[in-house]
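Have a look at the structure below before the remarks.
Heads up: numbering here begins at 1 and tracks the sequence.
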Amino acid sequence: QLQLVESGGGLVQPGGSLRLSCAASGFTLDYYAIAWFRQAPGKEREGVSCISRNGGSTSYADSVKGRFTISRDNAKNTAYLQMNSLKPEDTAVYYCAAVRTVGVCPRVVMRNFGSWGQGTQVTVSS
């Protein structure tokens, strides 16, 4: 069974950067689109970004466009989220998720993704 583990979260100052990793085990991610979600305290989980199975297509929430970059290294069975120019409103638990696809990412909503990591905390604060 596919398992996902996030890492790379932490405490950073506004304007700082973090790179999150999503490592898969169980089987390869080659046939899976990978998405990042986040959930801030007291708020619903929201989609952040998605990358297609071969990395040829990506999507981003408007709130992170121009600041975040999603990528993947299928040889390492790992996906990444590079987060730059971080803002306090980016503070959340970040989750990666996967879904088997034949092409581009589906809409980045929870119901479209069947495999989930446990999350990693990102805190942006002075």
Only distances under 3.5 Å count here; give the side-chain donor-acceptor pairs of residues 2-10 to other protein atoms, sequence neighbours excluded, each with its distance to 0.1 Å.
unit_1, atom_1, unit_2, atom_2, d
Glu6, OE1, Gln118, N, 3.0
Glu6, OE1, Gly119, N, 2.8
Glu6, OE2, Cys96, N, 2.8
Glu6, OE2, Gly119, N, 3.3

Tell me which pairs pass salt bridge (charged side-chain N to carboxylate O under 4.0 Å, His left out) where either residue lies in [range], with sequence neighbours left out.
range: residues 95-122; result: none
range: residues 73-91; result: Arg38-Asp90, Arg67-Asp90
range: residues 7-24; result: none

Checking [X] now: which residues fulfil side chain to side chain donor-acceptor pair (under 3.5 Å) with it, not counting sequence neighbours?
X: Ser71; result: none
X: Asn54; result: Ser52
X: Thr101; result: none
X: Asp30; result: Thr28

Item checked: ring pair (Phe, Tyr, Trp, His ring centres under 6.0 Å) involving Phe113 - partner list, sequence neighbours excluded -> Phe37

Next item on the list: For Ser125, enumerate each residue passing the side-chain contact (heavy atoms from CB on, under 4.5 Å) test, keeping only those at least two apart in sequence or located in another chain.
Entry: Leu11, Thr123

Item checked: Pairwise ring pair (Phe, Tyr, Trp, His ring centres under 6.0 Å) hits with a residue in residues 65-105, at least two apart -> none

Check: Can you list the other members of the hydrophobic cluster that holds Val102, where links are side-chain heavy atoms under 4.5 angstrom apart?
Finding: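 Via sub-4.5 Å side-chain contacts, Val102 links to none.
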
